[in-house]
Amino acid sequence: MNIAIVGASGAVGQELLRLLQERNFPYQSLRLFGSSRSAGSTYTVRGEELTVQELREGDDFAGIDLAFVSAGAGTSLRFAETITKHGAIMIDNSSAFRMEKDVPLVVPEVNASAALHRPRNIIANPNCTTIQMVVALKAINDVSRIRRVHVATYQSASGAGASGMEELETQVKQCAAGEELTVQKFAHQLLYNVIPHIDVFTDNGYTKEEMKMYNETRKIMDSDIEVSATCVRVPTLRAHSEAIWVELERPLSTQEAREAFAAAEGITLIDNPANNEYPMPLYLSGKDDVYVGRVRQDLANPHGLSFWCVSDQIRKGAALNAIQIAEYLYRQA
Ligand SMILES: NC(=O)c1ccc[n+]([C@@H]2O[C@H](COP(=O)([O-])OP(=O)(O)OC[C@H]3O[C@@H](n4cnc5c(N)ncnc54)[C@H](OP(=O)(O)O)[C@@H]3O)[C@@H](O)[C@H]2O)c1
């Protein structure tokens, strides 16, 4: 395969470069694209020095089979035609096409085969908070159908891109030096704070991030499942955490639920409260799996179950999920 990465300099782009090497992804040639800001910069991948090219309208994607695109929704909308017109498959990390009827929204552990039907040659990667949640929901839903979900997220600074992570790191240094803190990327100071606001507010009082969790979960799981989310930014650097409550058609014992999580593809169960063992973002950054723990009965609902879920949102929530889709397509070819 001849492949390309659009947005190579970004948080997700850099993780894609690491993963291509780590997983020995079967590519013949790799080309890197970015805006004029990163054009000309170089990265060494598998011993080869590659230069970032500026993304422009034209025929640069002729001969490319697959493009991983992680450069924001505006860029995806503007350049989708350029990227796909010569036959390249575009795996898009942005929100631009996720809810389009003729664009599959894919998490390989849940609906891999949806990637095979892609009339526009675009496959959308879901929102990071949704990806980790649906991997966990699938494990339970296979045993007892889930009717509804409540979720509160604890999302790291890097969910807002490389500059979000930088802002938190800068605030730590400025605070230690007694300087005034720079607040640009987030609506408020993130250091020593939690901010119940990710993406913009919509008319119903939920944010777009919260509505993504509602809409994307239903599309991926092909279900009328109800999802009510509260998305919160917390001062961690990397990996998102989620407190999830599910209401099930048939109540499950915690033992059954733990067995379902332990057997599921892409999930690691860490659930040993007696030894203070449960998933935490600090220790799970850079890992591939979705981690689940604190599995317990919901005291407020006899059909309910509560659990805690952590995953590296730049890996499984973005770059790894995209690469797993590409690996699936490669195996099917
Ligand atoms: N961070 C996450 O946890 C996460 C998770 C899931 C999905 N995503 C999605 O993935 C995408 C990238 O996110 P990120 O976190 O990697 O952001 P980021 O760190 O801010 O990087 C943005 C990337 O997009 C490139 N870019 C911006 N405008 C461009 C243009 N006009 N033409 C070509 N390249 C352009 C930038 O290149 P320059 O350096 O040249 O400007 C940079 O490489 C976004 O759509 C985001 O919603 C992010």
Side-chain angles (χ1 to χ4, degrees), residues 4-19 31-43 50-58 60-61 67-80 82-83 90-98 105-107 122-134 153-169 184-186 198-200 207-209 212-213 216 231 233-234 236-242 281 284-286 310-325:
I5 294 179
V6 177
S9 68
V12 176
Q14 289 293 298
E15 199 64 33
L16 281 163
L17 292 180
R18 274 190 285 276
L19 282 164
R31 286 169 64 190
L32 307 182
F33 292 88
S35 75
S36 56
R37 288 179 292 269
S38 62
S41 51
T42 58
Y43 296 99
L50 302 171
T51 304
V52 176
Q53 236 179 292
E54 184 173 349
L55 180 66
R56 295 171 199 214
E57 275 100 5
D60 282 342
F61 286 78
F68 297 102
V69 181
S70 303
T75 308
S76 290
L77 284 169
R78 180 171 161 208
F79 290 99
T82 299
I83 292 167
M90 168 172 171
I91 302 185
D92 186 34
N93 264 305
S94 82
S95 58
F97 302 103
R98 287 180 190 149
L105 184 64
V106 179
V107 176
I122 302 173
I123 299 170
N125 222 28
N127 181 44
C128 47
T129 47
T130 307
I131 291 180
Q132 73 182 73
M133 183 172 80
V134 296
T153 69
Y154 305 69
Q155 299 182 222
S156 64
S158 59
S163 56
M165 194 153 41
E166 272 163 35
E167 179 155 314
L168 179 59
E169 286 172 325
Q184 270 167 355
K185 192 76 191 173
F186 304 110
I198 298 180
D199 210 329
V200 297
T207 62
K208 261 192 175 175
E209 183 84 351
K212 285 176 201 166
M213 294 193 82
E216 294 182 19
C231 291
R233 186 76 66 195
V234 298
T236 52
L237 282 176
R238 199 171 148 150
H240 289 348
S241 309
E242 299 179 1
L284 298 174
S285 300
V310 178
S311 187
D312 184 323
Q313 94 289 348
I314 301 180
R315 281 219 155 197
K316 182 57 188 163
L320 176 63
N321 195 71
I323 287 194
Q324 287 170 327
I325 293 171

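Predicted model, so just to flag it, every value in this text is computed and none were measured. When a ligand or atom number is given, it counts from 1 through the structure's own listing order. Throughout, numbering of the chain's residues begins at 1 and tracks the sequence.
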| field | Heavy atom of the protein closest to atom 38 (P) of ligand 1 (residue, atom name, distance) | value | S35 OG, 3.3 Å
| query | Are any of the side-chain heavy atoms of S9 and V52 separated by less than 4.5 Å? | reply | no
| Quick one: does Q155's side chain get under 4.5 Å of Q313's, heavy atoms only? | no
| query | Can you tell if the side chain of L16 reaches within under 4.5 Å of the side chain of I323, non-hydrogen atoms only? | reply | yes
| request: Answer whether the closest heavy-atom distance between the side chains of L77 and F97 falls below 4.5 Å. | output: yes
| remark: closest protein heavy atom to atom 21 (O) of ligand 1 is G10 CA, 3.2 Å
| Looking at side-chain heavy atoms only, is the closest gap between M90 and F61 below 4.5 Å? | no
| query | Who's closest to atom 33 (C) of ligand 1 heavy-atom-wise, of G34, S36, G13? | reply | G34
| Are any side-chain N or O atoms of T207 and backbone N or O atoms of D199, one a donor and one an acceptor, separated by less than 3.5 Å? | no
| Do E209 and T153 have side-chain heavy atoms sitting under 4.5 Å apart? | no
| query | If we only count N/O pairs under 3.5 Å, is I314 in contact with ligand 1? | reply | no
| note | Per-atom filter on ligand 1: closer than 4.0 angstrom to a heavy atom of G72 are 11 (C), 44 (C), 45 (O)
| request: Answer with side chain, backbone, both or neither: which part of L55 has a heavy atom less than 4.0 angstrom from an atom of ligand 1? | output: side chain
| field | ligand 1 atoms in contact with C128 (distance to a heavy atom under 4.0 Å) | value | 5 (C), 6 (C)
| request: Output the distance between atom CG (L284) and atom NE2 (H240), rounded to the nearest 0.5 Å. | output: 14.0 Å
| task | Check whether any side-chain heavy atom of F79 lies under 4.5 Å from a side-chain heavy atom of V69, and answer yes or no. | result | no
| request: Please write down residue, atom name and distance for the protein heavy atom closest to atom 47 (O) of ligand 1. | output: N93 O, 4.4 Å
| query | Would you say A162 and ligand 1 have an N/O pair spaced under 3.5 Å apart? | reply | yes
| field | Closest approach of any protein heavy atom to atom 4 (C) of ligand 1, naming residue and atom | value | V12 CG2, 3.8 Å
| field | Distance filter under 4.0 Å to S38 heavy atoms, resulting ligand 1 atoms | value | 37 (O), 38 (P), 39 (O), 40 (O)
| Do any N/O atoms on A160 end up under 3.5 angstrom from N/O atoms on ligand 1? | no
| query | Using 4.0 Å as the upper bound for N to carboxylate O, is an ion pair formed by R238 and E15? | reply | yes
| remark: To atom 1 (N) of ligand 1, the nearest of G74, A39, S158 on a heavy-atom basis is S158
| request: Report the nearest protein non-hydrogen atom to atom 27 (C) of ligand 1: residue, atom name, distance rounded to 0.1 Å. | output: R37 NH2, 3.7 Å
| message | If you apply the rule side chain to side chain contact (heavy atoms under 4.5 Å, CB included), what do you find for Q324 with N125, and how did you get there? | response | CA-CA 11 Å; Q324 287 170 327; N125 222 28; over 6 Å; no
| Nearest-contact summary for atom 12 (C) of ligand 1 - protein heavy atom, Å | S70 O, 3.3 Å
| request: Look at atom 25 (C) of ligand 1 and find which of A319, S94, A71, S9 reaches it with the closest heavy atom. | output: A71
| Counting only N and O atoms by type, is there a donor-acceptor contact under 3.5 Å from the side chain of E216 to the main-chain atoms of N127? | yes
| field | Minimum-distance protein heavy atom relative to atom 31 (N) of ligand 1 | value | T75 OG1, 3.6 Å
| query | Taking distance alone, with no angle check, do G317 and ligand 1 share an N/O pair under 3.5 Å? | reply | no
| task | Identify, by atom number and element, the atoms of ligand 1 in contact range of G161, meaning under 4.0 Å from any of its heavy atoms. | result | 1 (N), 15 (O), 17 (O), 19 (O)
| Does ligand 1 have an atom that lies less than 4.0 angstrom from a heavy atom of S163? | no
